[in-house]
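Here the structure comes first, spelled out in structure tokens, and everything after it is commentary.
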Amino acid sequence: MHSPELLLRQKIHDCYSEIFEKELIDKIVKVGHFDTIKDGELLIDIGSDMTHIPLILDGVVKIIRKEKNGEEIVLYFLERGSTCAISFVNCINNKKSIFKGVVESTIEAVFLPVEYIDEWLANYKSWRHFIIDSYHFRLLEMVESIDGLAFMKMDERTLKFLTDKVKISNNTDLNITHQEIADDLNTSRVVITRILKQLHDENKIYSTRNKIRVLEYFE
DNA sequence: ACATTAAGTGATT
DNA sequence: AATCACTTAATGT
């Protein structure tokens with residue numbers, strides 16, 4: 001017999017034992033609520049209060065910035081073993097979220113109430129490091145994303161988008177439509193269709209309706 | 001069989 | 001690279 005708490009402890013241990021000391025993991029198990037959020041659901045919206053911070057145990061969250069005119073731009077993805085670093089500052093200052101987080105593939109996460117994260121910052125070295133590292137990593141991702149926008153052509157961006165997806169999902173077969181890619185890259189479906197056709201002809205991908213297999217990519 | 005949604009294409013800006 | 005307008009193909013009911 002496994003109690004839910006034991007299972008949760010195991011999962012947290014699998015993802016975070018390298019990062020957090022035992023004592024902190026115990027506390028996380030004690031105060032965190034475990035939850036599963038399905039594909040396509042909204043994790044956090046712009047303007048909502050941050051009451052909890054998620055530690056992702058499995059799945060992917062897409063972080064989006066919304067422009068005033070309603071345009072959206074994808075900033076980065078949260079994966080297993082990571083968290084939304086930006087949300088820490090929001091939590092500590094009681095500010096509202098400036099980003100939107102949509103679940104890309106069903107996530108399992110532990111939600112930590114705000115009141116603990118500040119206290120742990122003072123008391124646990126591993127927690128401090130985790131937060132700083134996490135912030136640093138997000139910054140690097142943002143820079144990468146800006147580089148992409150500024151310097152890469154649409155075909156390069158498309159291929160990068162696809163290979164990133166492959167890395168994240170650990171699967172060379174992607175279930176995605178041309179329209180969805182276009183939305184994420186802020187372009188039109190027609191453009192994506194033409195680029196994909198080209199990539200297909202170059203034997204870099206194999207694509208059929210609703211499905212793309214990435215044939216060539218390097219880690 | 002029909003309707004709906006995804007994908008392909010030429011022409012134009 | 002974007003948009004339009006239209007065609008063709010795949011899929012759901």
Contacted region of DNA chain B by chain A, from 5' end to 3' end of the hits, cut-off under 4.0 Å to heavy atoms, spans dT5(B) to dA11(B)

The residue, Leu196(A) or Arg209(A), whose nearest nucleotide of DNA chain B is more 5′ is Arg209(A)

For residues 23-50 of chain A, the ring-ring contact (aromatic ring centres under 6.0 Å, His included) pairs (sequence neighbours left out) are His33(A)-His52(A)

- Counting N and O atoms only, with roles assigned by atom type, does the side chain of Arg157(A) sit under 3.5 Å from a partner on the main chain of Leu185(A), one being a donor and the other an acceptor? yes

Would you say that Val102(A) contacts Leu43(A) through its side chain, given a criterion of any heavy-atom pair below 4.5 Å between the two side chains? no

Applying salt bridge (charged side-chain N to carboxylate O under 4.0 Å, His left out) to Glu21(A) and not counting sequence neighbours gives none

Residues 26-36 of chain A vs salt bridge (charged side-chain N to carboxylate O under 4.0 Å, His left out), sequence neighbours excluded, gives Arg9(A)-Asp26(A)

The complete set of salt bridge (charged side-chain N to carboxylate O under 4.0 Å, His left out) pairs with one or both residues in residues 175-198 of chain A, sequence neighbours excluded, reads Lys62(A)-Asp184(A), Lys197(A)-Asp201(A)

Rounded to whole Å, CE of Met154(A) lies from C1' of dA1(C) at a distance of 9 Å

If each end axis of the helix from dA1(B)-dT13(C) to dT13(B)-dA1(C) is fitted on five C1' pair positions, the angle between them, to 10 degrees, is 10°

Taken to the nearest whole Å, CD/Gln179(A) to P/dA2(C) is 13 Å

Asn210(A) CG to dA10(C) P, in whole Å, measures 12 Å

Contacts satisfying ring-ring contact (aromatic ring centres under 6.0 Å, His included) that involve residues 144-201 of chain A (not counting sequence neighbours) are His200(A)-Tyr206(A)

note: Lys197(A), atom NZ; dA9(C), atom C1'; distance rounded to Å ~ 15 Å

Atom CG of Asn175(A) and atom P of dA10(C) are separated, to the nearest Å, by 17 Å

Sequence neighbours excluded, the answer for side chain to side chain contact (heavy atoms under 4.5 Å, CB included) partners of Lys153(A) is Asp155(A), Glu156(A)

Under 3.5 Å, side-chain donor or acceptor atoms of residues 130-138 of chain A against the rest of the protein: list the pairs with distances, not counting sequence neighbours.
residue	atom	partner	partner atom	Å
Arg138(A)	NH1	Phe77(A)	O	3.3
Arg138(A)	NH1	Glu141(A)	OE1	2.7
Arg138(A)	NH2	Ser82(A)	OG	3.4

Note: with side-chain heavy atoms under 4.5 Å as the link, the other cluster members for Met50(A) come out as Ile44(A)

Residue pairs passing the side-chain hydrogen bond (donor to acceptor under 3.5 Å, both in side chains) test with at least one member in residues 71-80 of chain A, sequence neighbours excluded, are Glu72(A)-Lys100(A)

Pairs under 3.5 angstrom, nitrogen or oxygen only, protein versus nucleotides 3-6 of chain C, please.
residue	atom	partner	partner atom	Å
dT3(C)	O4	Arg194(A)	NH1	3.4

